[in-house]
Q: 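Have a look at this one before I ask anything.
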Amino acid sequence: MTIDLKTIKHISKLSRISVDDAKAKKLEGNLNSIFEFIEKLNQLKTENIEPLTSIAETTLKLRSDEVKSKNIREEILKNSPEKNQDFFVVPKVVE
Amino acid sequence: MNDIVSQKLTELVQNVKERKISSEEITKAFIDRSNKSKTLNSYITENFSAALQKAKKFDEKPNLDLKLPGIPIAVKDLFCTNGVRTTAGSKILNNFTPTYESTVTQNMWNDGAILLGKLNCDEFAMGSSNETSFFGNVQNPIDKDLVPGGSSGGSASALAANITPITIGTDTGGSIRQPASFTGTVGLKPTYGSCSRYGIVAFASSLDQAGPMSKNVKDCALLQEVISTYDSKDSTSIDFKRNNYSSELTKNIKGKKIGIPKEYRVDGMPKEIETLWSKGTQYLKNCGAEIVDISLPHTNYALPAYYIVAPAEASSNLARYDGVKYGFRSNGENLIDMYEKTRSEGFGDEVQRRIMIGTYVLSSGYYDAYYLKAQKVRKLIKNDFDEVYKKVDAILTPSTPSSAFKIGENSNDPVSMYLNDIFTVPVNLAGLPAISIPAGVDDKGNPLGLQIIGKHFDEQNILNIAYAMEEKINFKNKITDWWIK
Amino acid sequence: MDKVNNENKEFLISRKKNIYEVIIGLEVHAQVTSNSKLFSSSSTKFGAEPNTQVSLVDAAFPGMLPVINEFCVKQAIKTGIGLKAQINKRSVFDRKNYFYADLPQGYQISQFKHPIVGEGTVVLDMPNGQKEVGIERLHLEQDAGKSIHDVDPQNTMVDLNRSGVALMEIVSKPDLRSPDEVNVYIKKLRSIMRYLGTCDGNMQEGSLRADVNVSVRKKGTDKLGTRCEIKNVNSIKFMQMAINYEANRQVDLIEEGKSIAQETRLFDTKKNETRSMRSKEDAHDYRYFPDPDLLPLEVTDNFVELIKSEIPELPDEKKKRFIEKYKLSPYEATILVSDIETSKYFEEVIKNSDIKLATNWITGELFAVLNNKNLEIADSPISAKNLSKLINLIKDGTISGKIAKTIFELMMDGDKDPQTIVDEKGLKQQSDPKALEDLIDKVIADNPDNVKEYKSGKEKLFGFFVGQVMKVSGGKANPQLVNEILKKKLK
């Protein structure tokens with residue numbers, strides 16, 4: 001499976017990482033050699049194998065419906081690069 | 001009494017409890033040496049003045065029942081520490097100060113330890129040489145311009161250089177064990193679910209585990225006792241009966257069956273590693289253990305499976321770094337532009353590569369062929385181990401396919417970098433515990449490690465085996481302090 | 001826009017040569033009633049100051065992990081039982097990955113391949129009979145925060161209070177065929193969940209919203225047409241308008257020989273039209289995979305049985321019982337069980353008073369008042385106890401039905417006891433036959449010409465006499481008795 005520039009542009013859009021042509025070209029080389037390496041898995045027949053769903057050998061523990069967290073707005077907003085007193089502030093989405 | 005910074009953890013603890021030494025003295029000694037060792041670039045954030053204050057406070061009213069009374073410890077910069085900058089080795093968290101503490105580090109502070117500082121690591125734990133950190137490369141104290149391994153490179157380097165008595169790292173594909181091997185130190189990756197992941201910057205959720213990195217097995221056992229607890233804030237934390245690892249430590253491993261997997265004998269493996277491995281089996285026999293030849297047939301597929309599963313989970317775990325709530329933000333004309341610029345400027349190359357791989361293998365049309373397939377292979381690998389564990393109690397393998405390489409030697413070729421993890425990755429995929437102990441040196445005189453893999457929750461067993469072997473091996477790390485002028 | 005309603009009241013769209021039917025499927029998002037969020041222990045209370053109900057987990061800080069709320073799991077199972085659906089004892093949480101300002105993790109924890117509830121049914125009471133609508137599945141997922149676009153022209157404000165609140169997504173099969181059916185379906189779903197206490201169904205507060213899937217096909221054909229999804233419609237009226245617009249838009253396209261693009265659309269409530277969401281981002285590659293921070297959810301038979309035992313009588317059963325026990329008509333029963341509070345109120349009233357009168361007064365006068373004042377029956381200005389008293393006063397002849405209406409109005413001011421009002425205002429009706437006879441005799445004596453005309457056949461004049469008696473008695477004469485006595489006297 002080779003990854004072409006079009007695919008790289010597509011993946012970069014999905015992962016919200018900007019990629020110019022030079023960067024895309026470099027990525028193309030890197031990613032293709034990595035995928036060549038990964039392709040090894042195709043040698044294995046796995047039709048009848050169940051995928052591993054969880055490695056932790058335990059069941060999902062359920063929490064009781066109590067409100068434990070309090071108002072920590074100041075703490076929550078403290079690290080934000082842009083905020084006002086009450087909200088996180090981000091540039092507008094262009095629809 | 002030995003020079004403070006050379007003492008093992010258990011020695012320091014003993015000396016504090018016997019009032020032979022104070023927390024302030026210990027802390028001062030490590031701070032002094034750390035200040036002389038900036039060339040190594042092991043630290044991202046020093047916490048020296050706060051540590052000294054805490055040490056003095058401890059000395060005013062010392063609680064000598066604690067397991068780590070007044071001991072200063074530096075930790076990998078992947079653990080969120082309340083009020084102390086936590087960067088994950090990345091520009092995108094360069095200015096992030098958590099208001100909360102990870103469970104693992106909190107356990108240490110609860111048992112008397114003091115935060116000395118945050119140690120350098122590969123960005124978001126993605127790397128095997130500490131060359132992807134935004135804060136620069138780390139030097140291996142063994143020799144100049146050698147990598148310390150990764151991703152817990154700063155931890156291994158600081159430990160081997162005696163600027164922290166012990167430390168903790170995280171291991172997703174070998175990030176504790178490989179640097180331990182490269183620096184002549186001990187590193188344990190516990191069973192998945194043994195240590196809480198709460199408050200640890202997540203890389204690959206189904207693989208990440210925190211663990212101790214120490215100068216010897218006894219220290220390792222003590223720290224594991226402190227950090228391993230059931231945590232209800234982590235849904236993957238397991239509530240099992242944990243041993244008193246240090247007090248139950250024994251060299252008696254008579255009758256233990258140790259498996260030697262033939263698939264770990266890879267083509268082109270350096271002769272010294274083969275030799276060390278044989279020596280290791282000999283030592284085990286001398287201890288009364290039985291050696292059994294075993295097969296783990298799907299070993300060769302572990303690394304490709306890992307490089308699908310880990311990036312996939314990482315691509316999703318790192319989606320939260322978007323410049324909105326915390327961390328670095330680059331200005332954009334609109335929301336999407338802001339996201340794209342922030343993430344492309346805030347993440348380094350290796351992280352971006354892995355996010356792309358992860359996004360691709362989960363994307364529509366490729367999920368079955370890659371991610372699902374990798375999860376099936378993972379099942380096969382786990383089955384391999386389950387099968388052999390019907391016959392043996394533990395497995396002995398080399399830790400790494402080589403000793404520490406030169407800085408810059410592998411950084412242009414991602415795949416050759418990935419091959420460093422060939423012996424360690426299967427363990428993470430199966431969720432098993434494994435420990436790396438220094439076993440000897442190669443022809444350049446650089447350390448090499450041997451890895452002991454155990455059954456789920458059987459940390460005590462592999463610690464005991466490691467303890468027995470350590471005595472026989474009698475490894476001495478030749479640290480020349482070359483970086484101290 | 002043509003519409004043809006044939007005898008079966010089908011919703012059809014006709015053009016020159018072709019008649020189309022409309023296929024509708026709904027994905028309803030219902031906020032789970034719980035104290036804390038699905039995967040964190042923050043409060044879910046509506047209306048709090050922005051970002052005051054946000055924990056470190058909700059805001060997706062580094063190292064934070066989800067821990068599931070047991071009560072939300074129970075609520076989902078309960079709702080599943082109410083939908084007569086299959087409960088899946090093993091279900092998996094998946095991550096739905098996409099980027100948006102109000103989605104702090106960059107993914108939503110949802111359920112993709114293995115939801116907690118499987119197929120079920122909802123019965124609709126339509127004017128021309130009952131209709132079964134299939135439920136495809138119900139799953140649990142996190143709600144997103146709120147993006148506020150209209151405060152600042154350059155920027156968007158983000159409030160994460162709602163981020164992480166538990167939602168049940170209820171997906172219907174494409175069995176709905178008209179805006180009317182959609183209305184009944186939403187109301188029925190709402191009713192069931194309110195009965196169960198699993199969702200308060202308050203659409204103004206956003207507890208219930210729906211994505212509406214619409215496609216059309218020529219009547220008589222089998223193949224489903226291309227569907228468009230209209231996202232996030234938060235009132236039944238808008239759903240109906242959106243369906244109307246969208247169905248006609250699609251029919252117009254087909255008639256022009258064009259194809260319909262499968263896309264996501266929004267309903268513009270100002271222009272009353274649907275429009276395409278022009279996000280050309282490959283928005284729909286969500287890259288679902290099982291959330292590695294969680295394990296598969298496993299519930300035991302006992303767990304489910306315990307929940308089953310907590311299920312109250314549901315609308316369908318209650319309707320049956322009301323018809324059998326109280327001899328109500330299906331129509332009356334449907335109205336009285338449609339909302340659990342109404343049914344409770346009704347049963348409270350009829351504990352001590354006449355069923356027929358109770359039915360009429362509740363569905364008539366009381367509903368009119370509640371509608372007028374935009375109140376829920378739980379906030380009724382007249383309590384069940386006092387309404388019951390009023391009805392008894394009518395039944396035992398103390399007051400007439402007409403006077404009762406006046407008293408009813410007066411009772412609204414502070415839920416006054418009707419007996420008190422009767423006493424204070426002297427509204428007791430005059431039922432003493434002797435006294436009435438005297439009054440009637442007087443009226444007859446005062447109107448000899450009319451008496452003559454009435455006796456000679458002008459029967460309409462009876463009303464005149466009744467009126468006079470009522471006038472003379474100040475409205476208090478017992479109308480029934482007046483009628484009887486007058487009839488006798490005028491023979």
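First the proteins, then the strands, lettered A, B, ... as listed; each starts at 1. On a predicted model such as this, the values are computed, not experimentally measured, just so you know.
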Q: I'd like to verify something: which residue of C:Asp291, C:Asp293, C:Val67 has the highest number of heavy-atom pairs under 4.5 Å with chain B?
A: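 Max contact count across the listed options: C:Asp293.
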
Q: Describe, in one word, how the ring planes of C:Phe61 and B:Tyr100 are oriented to each other, choosing from parallel (under 30°), tilted (30 to 60°) and perpendicular (over 60°).
A: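 The arrangement is perpendicular - the two ring planes meet at more than 60°.
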
Q: Heavy-atom pairs under 4.5 Å with chain C: which of B:Tyr321, B:Tyr326, B:Tyr339 has the most?
A: B:Tyr326

Q: Counting only heavy atoms closer than 4.5 Å, note whether B:Asp234 contacts chain C via side chain, backbone, both or neither.
A: both

Q: Inspect the surroundings of CZ in C:Arg265 and state if more than 12 heavy atoms from other residues, nucleotides or ligands are less than 6.0 Å away.
A: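 More than 12 heavy atoms, drawn from other residues, nucleotides or ligands, come within 6.0 Å of this atom.
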
Q: Checking heavy atoms, do the side chain of C:Tyr107, its backbone, both or neither come under 4.5 Å from chain B?
A: side chain

Q: Identify the two heavy atoms, one from C:Arg287 and one from B:Thr359, that lie closest to each other, and give their separation to 0.1 Å.
A: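 For C:Arg287 versus B:Thr359, the nearest heavy atoms are CD-O, 3.5 Å.
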
Q: Which of the residues B:Ser316, B:Ala202, B:Ala319 is involved in the greatest number of heavy-atom pairs with chain C at under 4.5 angstrom?
A: B:Ser316

Q: Nearest 0.5 Å, please: how far is OG in B:Ser363 from CG in C:Asp285?
A: 5.5 Å

Q: Any idea which of B:Ser364, B:Ser206, B:Ser315 has the most non-hydrogen atom pairs under 4.5 angstrom with chain C?
A: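 Result: the option with the highest number of such pairs is B:Ser364.
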
Q: What's the spacing between B:Leu335 CG and C:Tyr100 OH if we round to 0.5 Å?
A: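 One gets 7.0 Å once the value is rounded to the nearest 0.5 Å.
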
Q: Can you tell which part of B:Phe79 gets under 4.5 Å to a heavy atom of chain C, answering side chain, backbone, both or neither?
A: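 Neither; nothing under 4.5 Å.
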
Q: Please report the interatomic distance CG(C:Leu294) to OG(B:Ser205), rounded to the nearest 0.5 Å.
A: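 Output value for this atom pair is 9.5 Å.
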
Q: Among B:Tyr367, B:Tyr370, B:Tyr366, B:Tyr371, which residue meets the ring-ring contact (aromatic ring centres under 6.0 Å, His included) test with C:Phe289?
A: B:Tyr371

Q: Heavy-atom distance under 4.5 Å to chain C: side chain of B:Asp208, backbone, both or neither?
A: neither

Q: Which residues in residues 44-60 of chain C have any heavy atom lying under 4.5 Å from a heavy atom of chain B?
A: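 At a heavy-atom separation under 4.5 Å, chain B is reached by C:Leu56, C:Ala59, C:Ala60.
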
Q: So among B:Val201, B:Ile200, B:Leu78, which one has a side-chain contact (heavy atoms from CB on, under 4.5 Å) with C:Pro62?
A: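 Going through the options one by one, the only one that passes is B:Val201.
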
Q: Please classify the contact between B:Ser102 and chain C as side chain, backbone, both or neither, with a heavy-atom cut-off of under 4.5 Å.
A: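 Neither part; nothing is under 4.5 Å.
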
Q: Please confirm whether the backbone N or O of C:Pro66 pairs with a side-chain atom of B:Ser235, one donor and one acceptor, at under 3.5 Å?
A: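 It does hold such a pair.
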
Q: What distance do C:Met64 atom CE and B:Cys80 atom SG have between them, rounded to the nearest 0.5 Å?
A: 6.5 Å

Q: Less than 4.5 Å to any heavy atom of chain C: does that hold for the side chain of B:Ser232, its backbone, both, or neither?
A: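 Just the backbone, heavy atoms under 4.5 Å.
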
Q: Taking atom CD as the centre, does C:Glu205 end up with more than 12 heavy-atom neighbours from other residues, nucleotides or ligands that are less than 6.0 angstrom away?
A: yes

